[in-house]
Amino acid sequence: MIEVIKKGLETSIQDFPGRIGSLNQGFPTSGPMDSWSFRLANVLVGNKPGAAALECQFFGPSLKFNSNRVIAVTGADMSPKLDGISIPLWESIEVKTNQVLEMEYATIGARSYIAFSGGITSKPWLNSRSTFHKAGVGGIEGKAIQEGQTIPLGKYKSVTGRKIKKNLIPVFSSDKKWTIEVVRGPNDDWVDEKGHKMFLNSSWKLQSKSDRTGYRLDGPKWSFTEKATNKSLEHGSFPSNIIDQAYPVGAVNLAGQTPIILVNDGPSMGGFIVPYTVPSASFWKLGQAKPGDIFNFIQISV
């Protein structure tokens, strides 16, 4: 097991692909925001890519090991240190009993991942160990890790000396600007061509009021088609209102004039239109963006 000395900021247990098949019960997939970095961490230590590991958000934890392990730290650079000595990212590292791993503030990127040989073996909930904070399920007691807790680990075979090739490591923004891919739909016909050009040619600022449920964006005003402004009452009063519908994961959900990208812990349905959707292959960028960063969207085909 591992002892939590400092918890960090909402450091949580996640697995990949998360809680599949439970949307009809009101539970999202959850799982890692940056699944690329997450899976690479597991591969480095010899686990299956989806094994449970830790997602560290903005500021990482301090952990004490009570047995020898192999670990890997990927994703955001939180200046990881083992007994006060810096260790590299994107490599498998051997850790001895009683050694302490310390993480700091993220300098580049937003979320760091720590994988342990053998994986985390907390009790699954609806076939996943992923933590869903708002419902208090998964992880350990449904919450982010807490100081004084112990995190259970599985049996493992030692795998050290692995490194990720440089061209396979995701490149994080160093200037607070991100290009995010989107596909049109499912409700793109509610926005007129002026609105589409505005969305794709504008810079959108990520609000601080954003989390694993949704990423709220600040930007220009939208314009709509006749379909959105001349509609029956059951669709709601705002042009962006629609009869409740299913939301895809990654939906750019237009709440009034505010686009909200629905991410890992987002709702599965609601009464706003979705003119664009961020594909899952681009989610790693969302996971590594910080409040105040700028998004520019580029349209791609399905």
Side-chain angles (χ1 to χ4, degrees), residues 6-16 18 28-42 53-63 72-81 86-90 101-115 130-134 139 144-145 164 168-182 203-219 249-250 252 259-266 278-297:
K6 294 182 180 179
K7 61 183 181 179
L9 180 61
E10 281 199 0
T11 305
S12 63
I13 296 170
Q14 301 293 338
D15 58 14
F16 179 82
T29 57
S30 298
M33 292 283 289
D34 175 3
S35 69
W36 187 359
S37 297
F38 180 92
R39 287 176 286 168
L40 287 176
N42 271 317
L54 290 180
E55 177 178 85
C56 314
Q57 177 179 265
F58 305 132
F59 183 78
S62 294
L63 308 170
V73 182
T74 62
D77 187 353
M78 294 185 179
S79 304
K81 294 181 175 65
S86 296
I87 61 172
L89 299 171
W90 309 102
L101 174 69
E102 298 174 287
M103 308 277 279
E104 299 178 3
Y105 287 98
T107 53
I108 297 177
R111 289 175 174 84
S112 199
Y113 296 92
I114 311 172
S130 286
T131 309
F132 177 32
H133 303 267
K134 294 191 175 182
I145 64 171
I164 300 298
L168 298 179
I169 296 173
V171 179
F172 301 159
S173 170
S174 58
D175 61 0
K176 298 181 71 65
K177 296 180 180 179
W178 300 84
T179 299
I180 309 293
E181 291 81 3
V182 289
S203 294
W204 299 87
K205 186 177 182 179
L206 180 61
Q207 294 184 16
S208 58
K209 192 179 178 181
S210 299
D211 57 18
R212 286 175 51 92
T213 298
Y215 275 30
R216 302 175 70 92
L217 305 176
D218 284 328
V249 179
V252 180
I260 306 173
I261 305 174
L262 304 181
V263 287
N264 297 51
D265 291 348
V278 178
S280 59
S282 299
F283 261 48
W284 68 271
K285 299 179 185 180
L286 302 179
Q288 295 299 344
K290 295 177 180 176
D293 284 6
I294 300 298
F295 291 173
N296 295 104
F297 293 98

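Bear in mind that the values here come from a model prediction, so they are computed numbers and not experimental data. Counting begins at 1 with the first residue of the sequence.
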Could you pull out all residues at least two apart from Ala72 that satisfy side chain to side chain contact (heavy atoms under 4.5 Å, CB included)? Leu44, Val45

Measure centre to centre between the rings of Phe16 and Phe38, then say whether the value is under 6.0 Å. no

Hey, can you tell me if Trp284 and Trp36 have their rings parallel, tilted or perpendicular (30° and 60° cut-offs)? perpendicular

Residues forming a side chain to side chain contact (heavy atoms under 4.5 Å, CB included) with Ser173, sequence neighbours excluded: Asp175, Trp178

Gap between atom CD1 of Ile145 and atom CG of Leu63 - 0.5 Å precision: 5.5 Å

Taken to the nearest 0.5 Å, the spacing of Ser282 OG from Ile180 CD1 works out to 6.5 Å

Partners of Ser203 by side chain to side chain contact (heavy atoms under 4.5 Å, CB included), sequence neighbours excluded? Ile294, Asn296

I'd like to check Ile114 versus Cys56 (side-chain heavy atoms, cut-off strictly below 4.5 Å). Are they in contact? yes

A quick test of your reading: do over 12 heavy atoms of other residues, nucleotides or ligands sit less than 6.0 Å from NZ of Lys177? no

Distance check, rounded to the nearest 0.5 Å: Leu286 atom CG versus Arg212 atom CZ? 12.0 Å

Distance-only check: which donor-acceptor pairs under 3.5 Å involve side-chain atoms of residues 73-81, not counting sequence neighbours?
from  : atom 1 : to     : atom 2 : distance (Å)
Thr74 : OG1    : Ser37  : O      : 2.7
Asp77 : OD1    : Ser79  : N      : 2.9
Lys81 : NZ     : Glu104 : OE2    : 3.2

Sorted by chain and residue number, the side-chain hydrogen bond (donor to acceptor under 3.5 Å, both in side chains) partners of Ser35 (sequence neighbours excluded) come out as Arg39

Name every donor-acceptor pair, under 3.5 Å, that has one atom in a side chain of residues 6-13 and the other anywhere in the protein, sequence neighbours excluded.
from  : atom 1 : to    : atom 2 : distance (Å)
Thr11 : OG1    : Lys7  : O      : 2.7
Ser12 : OG     : Gln14 : NE2    : 3.0

When rounded to the nearest 0.5 Å, the distance separating CD1 of Ile164 from CG of Leu40 is 4.5 Å

Met103, Gln57, Gln288, Glu55 screened by side-chain contact (heavy atoms from CB on, under 4.5 Å) with Ser112, the one that passes: Met103

Under the ring pair (Phe, Tyr, Trp, His ring centres under 6.0 Å) test, which residues partner Trp90, sequence neighbours left out? none

Could you tell me whether the side chain of Gln207 reaches within less than 4.5 Å of the side chain of Pro291, counting heavy atoms only? no

For the residue pair Val249 and Leu262, establish whether any side-chain heavy-atom pair is separated by less than 4.5 Å. no

Lys134: salt bridge (charged side-chain N to carboxylate O under 4.0 Å, His left out) partners, not counting sequence neighbours: Asp211

Note, Lys290 side chain near Leu206 side chain (heavy atom, < 4.5 Å): no

Who pairs with Tyr215 by ring pair (Phe, Tyr, Trp, His ring centres under 6.0 Å), at least two apart in sequence or on another chain? none

Please enumerate all residues that pass salt bridge (charged side-chain N to carboxylate O under 4.0 Å, His left out) together with Lys205, with sequence neighbours excluded. none

Looking only at heavy atoms, which two atoms of Gly266 and Pro28 are closest? And how far apart? O-CB, 3.6 Å

If the condition is ring pair (Phe, Tyr, Trp, His ring centres under 6.0 Å), which residues does Phe59 pass it with, not counting sequence neighbours? Tyr105

Say whether Ser30 and Asp265, considering side chains only, have a donor N or O and an acceptor N or O under 3.5 Å apart. yes

State, yes or no, whether a side-chain contact exists between Val182 and Phe295 at a heavy-atom distance under 4.5 Å. no

If the condition is side chain to side chain contact (heavy atoms under 4.5 Å, CB included), which residues does Pro259 pass it with, not counting sequence neighbours? Trp204, Leu217, Trp222, Val252, Leu254

Before you tell me yes or no, could you show the steps for Asp293 and Lys176 under salt bridge (Lys or Arg N to Asp or Glu O under 4.0 Å), namely the whole-Å CA-CA distance, both residues' side-chain angles and the distance that decides it to 0.1 Å? CA-CA 5 Å; Asp293 284 6; Lys176 298 181 71 65; 2.8 Å; yes

Please confirm whether the backbone N or O of Pro32 pairs with a side-chain atom of Tyr113, one donor and one acceptor, at under 3.5 Å? no

Side chain to side chain, Phe283 and Asn264, heavy atoms closer than 4.5 Å: yes

